[in-house]
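Along the sequence shown, the residues carry numbers beginning at 1. Atoms considered below: every heavy atom in the structure, side chains included; atoms not considered: hydrogens, waters and symmetry mates.
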Amino acid sequence: MRNEIDVHQALAVVNKITRDGVKQEGAYHFEGFTVEPDSDGYTVVLTDGRTSLTLFFHNKYEFDYPDKTALDSFMHRYWAVYGM
């Protein structure tokens with residue numbers, strides 16, 4: 001599986017989580033995801049606890065995950081939230 005996403009879709013997922021989620025200790029929680037904005041205001045991390053998707057300025061991003069199973073689980077839930 002290639003680690004490619006559409007950054008605009010990812011930002012739509014982040015927006016949905018920040019809009020519909022619960023804010024606790026500076027992070028938003030929704031449907032098993034956590035969104036944590038960075039202090040710089042240009043970086044945001046979307047995580048499910050095992051896999052993280054960091055969105056940077058200028059439509060750049062980076063995945064961090066321990067194995068393919070964790071990434072697949074993350075992406076399955078990501079698409080579910082995006083489709084809501």
Side-chain angles (χ1 to χ4, degrees):
M1 173 181 203
R2 295 179 60 154
N3 295 335
E4 292 185 15
I5 61 159
D6 181 306
V7 174
H8 297 287
Q9 288 174 338
L11 290 171
V13 169
V14 167
N15 184 52
K16 180 166 192 64
I17 293 168
T18 57
R19 183 186 68 229
D20 298 341
V22 175
K23 187 174 183 180
Q24 295 175 327
E25 299 176 19
Y28 296 87
H29 305 275
F30 181 77
E31 297 292 320
F33 283 112
T34 301
V35 168
E36 300 176 60
D38 198 12
S39 61
D40 67 7
Y42 295 104
T43 305
V44 65
V45 178
L46 173 64
T47 184
D48 66 357
R50 293 187 66 211
T51 299
S52 296
L53 171 59
T54 305
L55 302 169
F56 301 102
F57 195 58
H58 293 298
N59 295 325
K60 297 188 187 294
Y61 63 90
E62 178 180 274
F63 276 102
D64 183 30
Y65 53 93
D67 54 44
K68 184 179 181 318
T69 302
L71 177 62
D72 289 345
S73 175
F74 177 92
M75 292 306 297
H76 178 75
R77 284 188 284 146
Y78 169 90
W79 287 115
V81 170
Y82 180 72
M84 291 181 141

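Within 6.0 Å of the OH atom in Y42, the count of heavy atoms belonging to other residues, nucleotides or ligands does not exceed 12.
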K16 vs F33, test: side chain to side chain contact (heavy atoms under 4.5 Å, CB included). Steps then yes/no. CA-CA 11 Å; K16 180 166 192 64; F33 283 112; over 6 Å; no

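Side-chain contact between R77 and E31 is absent, with no heavy atoms from C-beta onward closer than 4.5 Å. When side chains are defined from C-beta on, L46 does not count as touching E36, because their heavy atoms never get closer than 4.5 Å. Considering only heavy atoms from C-beta on, F63 comes within 4.5 Å of T51 through its side chain. In this structure, the side chains of L53 and I5 come closer than 4.5 Å at one or more pairs of heavy atoms. A heavy-atom distance below 4.5 Å is found between the side chains of T43 and D40. Put simply, the side chain of V22 does not reach to within 4.5 Å of the side chain of Y28, judged on heavy atoms. The closest side-chain heavy-atom distance from L11 to L55 is below 4.5 Å.
When hydrophobic clusters are built by joining Ile, Leu, Val, Met, Phe, Trp and Tyr residues whose side-chain heavy atoms come closer than 4.5 Å, directly or via intermediates, F30 is not grouped with V45.
In this structure, Y78 and Y82 have parallel ring planes: the angle between them is below the 30° cut-off, well short of the 60° mark.
Note that R50 lies outside the cation-pi zone of F74, set by a 6.0 Å cut-off to the ring centre and a 45° limit from the axis.
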